[in-house]
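Following: one structure in structure tokens, then a few remarks.
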Amino acid sequence: MCIFCKIVNKEIPSNIILENEEFLAFHDINPKAPIHILVIPKVHVDSFNEVDPQMMKNMTAFMHDVTKELKIQENGYRVITNVGEDGGQEVRHLHFHIVGGAKLAWSHLSDANPKSMI
Ligand code: AMP
């Protein structure tokens with residue numbers, strides 16, 4: 001069972017901020033910004049590649065509730081999902097990072113020449 005499934009089953013503790021029947025939002029254990037929340041579906045989905053668009057509809061509504069709960073809608077935030085090896089996905093259970101609480105940098109994303117793909 002993957003680590004996030006264990007968090008869903010409460011076999012591993014997490015600092016939960018919002019939960020419903022389908023989704024869970026909890027604090028990232030290694031925050032990269034003053035606010036760093038992970039939002040996951042309770043059913044196991046490997047990554048964004050496999051997500052059911054119908055589930056995304058409900059997940060989007062849940063993420064809106066999370067940003068309201070965090071009171072970051074006005075100041076702004078960033079939503080990120082890493083996919084696979086190139087995307088830097090470490091945990092193979094779909095998750096969206098919601099980061100905010102400060103002005104976020106938009107620095108280099110890769111050491112490869114950005115123009116090399118054009
Ligand atoms: P990613 O690199 O997109 O797969 O992100 C995985 C994220 O999960 C990282 O930001 C980790 O800090 C976070 N993480 C790993 N284990 C835990 C855990 N037990 N509780 C909370 N966050 C975790």
Side-chain angles (χ1 to χ4, degrees):
M1 190 186 288
C2 87
I3 187 167
F4 286 177
C5 283
K6 286 184 181 165
I7 285 177
V8 169
N9 290 340
K10 312 275 174 13
E11 288 172 39
I12 292 180
S14 67
N15 192 348
I16 295 171
I17 70 149
L18 205 64
E19 179 173 12
N20 69 13
E21 275 187 9
E22 280 186 284
F23 308 106
L24 189 63
F26 55 97
H27 288 270
D28 194 294
I29 206 168
N30 181 20
K32 315 263 188 313
I35 293 171
H36 188 167
I37 304 299
L38 299 175
V39 179
I40 65 171
K42 289 189 171 177
V43 296
H44 184 87
V45 176
D46 276 347
S47 80
F48 190 70
N49 279 338
E50 290 79 19
V51 76
D52 173 0
Q54 214 45 46
M55 175 194 270
M56 265 325 296
K57 194 176 161 195
N58 295 345
M59 203 163 178
T60 302
F62 182 75
M63 285 195 280
H64 284 167
D65 291 344
V66 170
T67 57
K68 280 179 200 150
E69 179 76 20
L70 295 166
K71 299 185 172 46
I72 55 173
Q73 284 209 327
E74 199 174 319
N75 282 352
Y77 53 92
R78 192 169 293 160
V79 178
I80 301 161
T81 189
N82 296 323
V83 181
E85 201 166 323
D86 276 4
Q89 184 182 4
E90 282 172 14
V91 178
R92 299 290 166 135
H93 181 129
L94 173 67
H95 53 282
F96 287 87
H97 300 256
I98 296 179
V99 284
K103 274 208 190 309
L104 301 171
W106 183 252
S107 59
H108 81 289
L109 292 172
S110 146
D111 291 330
N113 178 356
K115 296 206 170 121
S116 67
M117 299 287 284
I118 301 170

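Worth saying up front: this structure is predicted, and the values here are computed from it rather than measured. All residue numbers refer to positions in the sequence shown, counting from 1. Atoms within a ligand are numbered from 1 in the order they appear, just like the ligands themselves.
- At a threshold of 4.5 Å between side-chain heavy atoms, the hydrophobic network of Ile, Leu, Val, Met, Phe, Trp and Tyr places M63 and I80 in two separate groups.
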Put together the list of close N/O pairs, under 3.5 Å, between ligand 1 and the protein, could you?
residue, atom, partner, partner atom, Å
ligand 1, 2 (O), G88, O, 3.1
ligand 1, 2 (O), E90, N, 3.3
ligand 1, 3 (O), N82, ND2, 2.8
ligand 1, 3 (O), H95, NE2, 2.8
ligand 1, 3 (O), H97, NE2, 2.8
ligand 1, 4 (O), E90, N, 2.7
ligand 1, 4 (O), V91, N, 2.9
ligand 1, 4 (O), H95, NE2, 3.0
ligand 1, 5 (O), H95, NE2, 3.1
ligand 1, 5 (O), H97, NE2, 3.4
ligand 1, 10 (O), D28, OD1, 3.3
ligand 1, 10 (O), D28, OD2, 2.5
ligand 1, 12 (O), D28, OD1, 2.5
ligand 1, 22 (N), I29, N, 3.1

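- Looking at heavy atoms from C-beta onward, F4 lies out of side-chain contact with L24 at the 4.5 angstrom threshold.
- Within the 4.5 Å cutoff, side-chain heavy atoms of F48 are placed close to those of M56.
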Name every donor-acceptor pair, under 3.5 Å, that has one atom in a side chain of residues 92-103 and the other anywhere in the protein, sequence neighbours excluded.
residue, atom, partner, partner atom, Å
H93, ND1, H44, ND1, 3.2
H93, NE2, P41, O, 2.9
H95, ND1, H93, O, 2.7
H97, ND1, H36, NE2, 2.8

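- Contact annotation: the side chain of K68 approaches that of Q73 to within less than 4.5 Å [non-hydrogen atoms, C-beta and beyond].
- Heavy atoms of other residues, nucleotides or ligands lying less than 6.0 angstrom from CD of E50 number more than 12.
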